[in-house]
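To start, the structure under review is shown below, and the notes come after it.
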Amino acid sequence: MKTHARVVVIGGGVVGVSTLYHLAKKGWSDVVLLERSELTAGSTWHAAGLLPLFNMSYTVGQLHKYSVDLYKRLPAETGQDVSFHVTGNLRLATCRDRMDEYQKYCGTANTIGVPFQIIGPQEVRDLWPLAEIGDGVETPKIIGALYHPDDGHIAPADLTMALRKGARSRGAEIHEHTEVIAVRQTASGEWHLTTNKGEITAEHVVCATGNYARQTGRLFGINVPSIPVEHQYIVYDESPELKAYRQGGGRELAVLRESDKSYYLREERMGWILGPYEAGAPARFADGVPEWFGKSLFEGDLDRLLPHVEAAMRRVPALATCGIKDIVNGPIAYTPDGSPLVGPAWGARNLWLNAGHSFGIPAAGGSGWQLAEWMVEGEPGIDMAAVDPRRYGPYTSKRYVVQKNEETYRNVFVIHYPDEERADGRPAKTSPIYDKLARMGAVFGQRYGWERPNWFAPPGVEPKDRWSFRRSNYFEHVGTEVRRMREDVGIIDLSPFTKHEVSGPGAEAWLDGLVANKVPTKIGRIALCHALTPRGGIRSEFTITKLGEQRYYVVSAGAAERYDGDYLQKMLPPDSAATITLRNITTSRGCFVLAGPRSREVLAALTDTPLDNAAFPWLTGQIAEVGLATDVYLMRVNFVGSLGWELHFPIEYAHHLFDALLRAGAPHRIGMVGMRAMESLRMEKSYRMWGTDLTPDYTPFEAGLDRFVRMNKGDFIGRAALEKQLAAGVPHRFITLEVHGVVDADPLGNEPLYDAGGRLIGRATSGYFGHALGKSLAIGYVAPAFAAVGTQLEIEILGERKRATVLVDSPYDPENKDLRA
Ligand SMILES: Cc1cc2nc3c(=O)[nH]c(=O)nc-3n(C[C@H](O)[C@H](O)[C@H](O)COP(=O)(O)OP(=O)(O)OC[C@H]3O[C@@H](n4cnc5c(N)ncnc54)[C@H](O)[C@@H]3O)c2cc1C
């Protein structure tokens, strides 16, 4: 083994080997993979080899698509067969909500170019003659299906070996029976790894250790939120019916998924593999994989699987006539949201994760591809936020991860409603006034561990969601909250906001070099600032207020605490300790948004600070006393587009301020407003949401944020790319659309947009019903030729094309008269 490498990849499963392959392919040939046992000895050897293209996530969908395409090319490239059976993939639907889910997925698939078909029961029968359509009594009736003709199953070990060959042929080294047992970072920032076979130093380390991710993380001092859960599949003997069908000339049957019964079924040597996702599967190895486990499996637990086996036998009677050969029960890596951890680790430079893969076979190719781009080019080629390890924060305690992972596992096949909020591991992080909000009828959702009211059930209404792809039980109540904010005054508790304080003589210049806008230079000014990637894409959005001399208050999305915090920390110049102080003060300050035409009167009752336009103009902030509270940062900004202030207060005043605002607001019909109303309100103002509408896929020019870019202010990250884009022409334009003819299904984001001739010309990134405008709205990106106000387009919502018209930006109050009132 060499003693130095540019990259060491730890872990020789399909994911680690794919990472090695892609690094070598990108020209980094000085790369070494270390595997404690043999290649594939982790989860990879016993995987059932399914590689579904289906995934509701825009990011993961792209990773899977890349993998499937790559695996088809690999045999020709490497000379190693991968046993890719392109059988197709059939997902059955037995209820309308399931069909809605597939149709929602199809919108995403269309935007990323994944081929699929929606088919009816007769076509299911033609494709899968051994399946019953169902009588609707004993067996649910199939009402349709989603069919992917291009995927199927593969031999995971053969795939790993093909990737190994591809990596080695480009100079990569692989060392088996080499376990990394200790790690330290040298003064120069390199990683020094101790193994049972000697020492090696590397510039970068990638942890791709599957079920071992947590203990590998510990070596590096990080708490990786991945804990495996047991997963079983049953291997059946030969099936006489299947044999007869195949010998009669029938082609290999598509992988069958009866989603509503939570199982998959595929052919295996004239028999079957049946894999249920059952309730009660336990998380394992929360404290690490024991030494004895090795290439082992757990005892099978057929009882747990029985309900699914019975359902499968009713759907495919041929199953009933063949015996069970084996039950494979192994650990499958999970994360609380079911998506993998691909990208930089936090808190340490040049440490990368490619772990937490529960669908590692279709994800391996794509995650290796993007991680290699990230490492070699300095950023990934597509928006990877949905899999970025920093989407989690310090709240991922062991018990939290265990509960969430078990929940995610048993919910693999549930209908993934867009408004779904799962119950386990909650409440974890709460604002101080959580109990008060609950008593006021709050129906909570969870983001980044925080409980946030999605809407408030008025007296007499059950505070409970009915999840749907369409307008649901909370629709009218959200409408009431929107009108409250537009006509009177409302409060939103946004205490989860990420808050940093940056101070010192170097603060201003440093911040200014990170963002495209000019950081405010006058005390009390507020600026909306975007940190860009080197390619000019939008990585972060900060509201920056100059609070005092050499003192800035930097606010960003609640879910970005680690994502932004880690970035800011890593961007600090090495010699800045004496000149820049960066402090995360997220949990020491709460935030209430007070907004609506009556907000000035409400606030005036509690503060001596003059609130008129001359004394307190829009986009300024002041430190004030409000009620009994001192040191409240009053900021005249908000994300709803009405007159209003954000109150950022020392957390100990939360109860006092909340009660005082409600008391002062009572004569003005003050009330609470939740996150769903905020979605409606911001959509009416065309306010772009970080992470959804603002992503590294789009530059601020594409996003129509030109007024927040100062090309002439001096250099900043991404500036050179923006200059190039301006010269070449901006490839997309941001638009706001009114969607016509909506009955009950508003756009929600990830819908494809078409021109009048049916050509795909863009995608919606968000959508909602604008309750004050009374219009169904979408925002998104199109080719520039289609961005003019009045352009007629089509949008695909749950499989139906709807007419849509491009509106002016900010269709509610385009001149911002309310804001500046
Ligand atoms: C029963 C079952 C069926 C499955 N079926 C499917 C399926 O059909 N489709 C699908 O997509 N997924 C399936 N999976 C999941 C799939 O197996 C995983 O997603 C995939 O194998 C993960 O690959 P990996 O490379 O991340 O991890 P692994 O294959 O587990 O590889 C990690 C490697 O890291 C090594 N390692 C750990 N620590 C160290 C160290 N300190 N030093 C050196 N090496 C170390 C381990 O020895 C191991 O080889 C299934 C899982 C199970 C349990």
Side-chain angles (χ1 to χ4, degrees), residues 8-20 32-52 55 64 67 151-157 159-160 163 174-183 193-197 200 205-220 226 228-235 255 257 264 266 268 273 275-277 281 284-285 288-289 293-298 300 326-335 338 340-342 353-365 367-368 409 412:
V8 167
V9 177
I10 312 177
V14 65
V15 171
V17 181
S18 168
T19 309
L20 192 76
V32 171
L33 184 144
L34 307 179
E35 163 55 48
R36 67 189 288 280
S37 173
E38 297 154 10
L39 293 190
T40 77
S43 269
T44 299
W45 71 274
H46 53 61
L50 309 176
L51 61 163
N55 198 286
H64 285 195
S67 299
D151 63 24
H153 60 92
I154 200 165
L159 169 62
T160 310
L163 291 165
I174 294 178
H175 298 279
E176 294 180 283
H177 303 287
T178 307
E179 180 174 5
V180 176
I181 48 181
V183 173
L193 310 180
T194 305
T195 78
N196 55 336
K197 297 278 181 69
I200 182 165
V205 171
V206 180
C207 297
T209 52
N211 299 318
Y212 296 75
R214 216 165 152 77
Q215 66 224 70
T216 322
R218 248 179 260 136
L219 292 178
F220 290 88
S226 173
V229 178
E230 279 188 23
H231 174 57
Q232 316 185 64
Y233 60 77
I234 304 169
V235 187
V255 176
R257 286 184 166 80
Y264 58 76
R266 77 158 171 88
E268 171 75 1
I273 283 183
Y277 281 79
R284 300 295 294 251
F285 308 148
V289 184
F293 189 77
K295 206 173 171 179
S296 329
L297 291 168
F298 307 117
D326 198 5
I327 299 180
V328 175
N329 183 2
I332 190 164
Y334 261 84
T335 63
L341 306 164
V342 187
L353 299 182
N354 199 352
H357 286 277
S358 50
F359 288 94
I361 310 307
S367 65
Y409 176 85
V412 161

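All ligand and atom numbering here is 1-based and tracks the order in the structure. As the structure is a computational prediction, the values presented were derived from the model and not from experiment.
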Top protein contact for atom 30 (O) of ligand 1, by heavy-atom distance: Ser43 N, 2.8 Å
So, regarding Thr44 and ligand 1 (criterion: nitrogen or oxygen to nitrogen or oxygen, under 3.5 Å), is there a contact or not? yes
Distance from atom 9 (N) of ligand 1 to nearest protein heavy atom, with residue and atom: Leu50 O, 2.9 Å
Compute the shortest N/O to N/O distance between Glu35 and ligand 1 and return yes if it is under 3.5 Å, no if not. yes
Here the atoms of ligand 1 under 4.0 Å from any heavy atom belonging to Thr178 are 43 (C)
Could you check whether any side-chain N or O of Glu38 sits under 3.5 Å from a backbone N or O of Glu176, counting only pairs where one atom can act as donor and the other as acceptor? no
Between the main-chain N or O of Ala364 and the side-chain N or O of Ser18, is there a donor-acceptor pair closer than 3.5 Å? yes
Taking only heavy atoms of Leu34 into account, list the atoms of ligand 1 that are under 4.0 Å away from them. 43 (C), 44 (N)
List the steps, then state whether side-chain contact (heavy atoms from CB on, under 4.5 Å) holds for Val328 with Leu297. CA-CA 7 Å; Val328 175; Leu297 291 168; 4.0 Å; yes
With a 4.0 Å heavy-atom cut-off (strictly under), which part of Tyr233 contacts ligand 1: side chain, backbone, both or neither? side chain
Just to be sure I read this right, does ligand 1 sit under 4.0 Å from the backbone of Ala333, its side chain, both, or neither, counting only heavy atoms? neither
Do side-chain atoms of Gln215 reach the backbone of Val289 as a donor and acceptor pair under 3.5 angstrom? yes
Between Val15, Leu51, Thr160, which is the residue that forms a side-chain contact (heavy atoms from CB on, under 4.5 Å) with Ile361? Leu51
Under 4.0 Å, heavy-atom basis, I'd like to know which part of Ala208 is in contact with ligand 1: side chain, backbone, both or neither. backbone
Non-neighbouring partners of His46 that pass side chain to side chain donor-acceptor pair (under 3.5 Å), sequence neighbours left out: none
One pair to check against side-chain contact (heavy atoms from CB on, under 4.5 Å): Val205 and Phe220. What are the steps and the verdict? CA-CA 10 Å; Val205 171; Phe220 290 88; 3.7 Å; yes
Any side-chain to backbone donor/acceptor pair from Arg284 onto Phe298? Under 3.5 Å, distance only. no
Looking only at protein heavy atoms, which one is nearest to atom 41 (N) of ligand 1, and how far off is it? Val180 O, 3.1 Å
Per-atom contacts, ligand 1 versus Gly330 - under 4.0 Å to a heavy atom: 53 (C)
Could you tell me which atoms of ligand 1, counted from 1 in the order shown, lie closer than 4.0 angstrom to a heavy atom of Val14? 23 (O), 25 (O)
Let me see the working for Val180 and Thr216 under side-chain contact (heavy atoms from CB on, under 4.5 Å), right down to the final yes or no. CA-CA 8 Å; Val180 176; Thr216 322; over 6 Å; no
When only distance counts, is Val328 in polar contact with ligand 1, meaning an N/O pair under 3.5 Å? no
Take Glu35 and Ile174, measure what side-chain contact (heavy atoms from CB on, under 4.5 Å) needs, and give me the verdict at the end. CA-CA 8 Å; Glu35 163 55 48; Ile174 294 178; 5.7 Å; no
Sub-4.0 Å atoms of ligand 1 with respect to non-hydrogen atoms of Pro331: 53 (C)
Looking at Gly49, which atoms of ligand 1 are within less than 4.0 Å of one of its heavy atoms? 7 (C), 8 (O)
In terms of relative ring orientation, are Tyr264 and His231 parallel, tilted or perpendicular, with 30° and 60° separating the classes? tilted
Any idea how Phe359 and Tyr277 line up, ring-wise: parallel (<30°), tilted (30 to 60°), or perpendicular (>60°)? parallel
Around atom 13 (C) of ligand 1, find the nearest protein heavy atom and jot down its residue, atom name and distance. Ala47 CB, 3.7 Å
Give me the nearest non-hydrogen protein atom to atom 53 (C) of ligand 1 as residue plus atom name, then the distance to 0.1 Å. His46 CE1, 3.1 Å
Mind checking what makes side chain to side chain donor-acceptor pair (under 3.5 Å) contact with Thr335, not counting sequence neighbours? Asp337
Polar contacts were defined as any N/O atom of the residue lying under 3.5 Å from an N/O atom of the ligand; does this apply to Asn211 and ligand 1? no
Which of the numbered atoms in ligand 1 are under 4.0 angstrom from any heavy atom belonging to Ala48? 3 (C), 4 (C), 5 (N), 6 (C), 7 (C), 8 (O)
Which residue and non-hydrogen atom of the protein lie closest to atom 39 (C) of ligand 1, and at what distance in Å? Arg36 CD, 3.6 Å
Measure from the side-chain N and O atoms of Thr40 to the backbone N and O of Gly13, and report whether any donor-acceptor pair falls under 3.5 Å. no
Quick check: does Ile332 get an N/O under 3.5 Å from an N/O on ligand 1? no
Considering only non-hydrogen protein atoms, determine which one is nearest to atom 2 (C) of ligand 1 and report residue, atom name and distance to 0.1 Å. His231 CD2, 3.4 Å
Nearest-neighbour protein heavy atom for atom 26 (O) of ligand 1, which is reported as residue plus atom name and distance: Val15 CG2, 3.3 Å
Ligand 1 atoms nearer than 4.0 angstrom to some heavy atom of Ile361 are 9 (N), 10 (C), 11 (O), 12 (N)
Measure the distances from the heavy atoms of Leu297 to every atom of ligand 1 and state whether one is below 4.0 angstrom. no
Side chain of Asn196, backbone of Glu179: donor and acceptor closer than 3.5 Å? yes
Given Leu39, Thr209, Ile10, Leu51, which has its nearest heavy atom closest to atom 38 (N) of ligand 1? Thr209
For His357, is at least one N or O under 3.5 Å away from an N or O on ligand 1? yes
Does any N or O of ligand 1 fall below 3.5 Å from an N or O anywhere on Leu219, backbone included? no
Please assess Asn329 against Glu230 for the test side-chain hydrogen bond (donor to acceptor under 3.5 Å, both in side chains), listing each intermediate value before the final yes or no. CA-CA 6 Å; Asn329 183 2; Glu230 279 188 23; 2.9 Å; yes
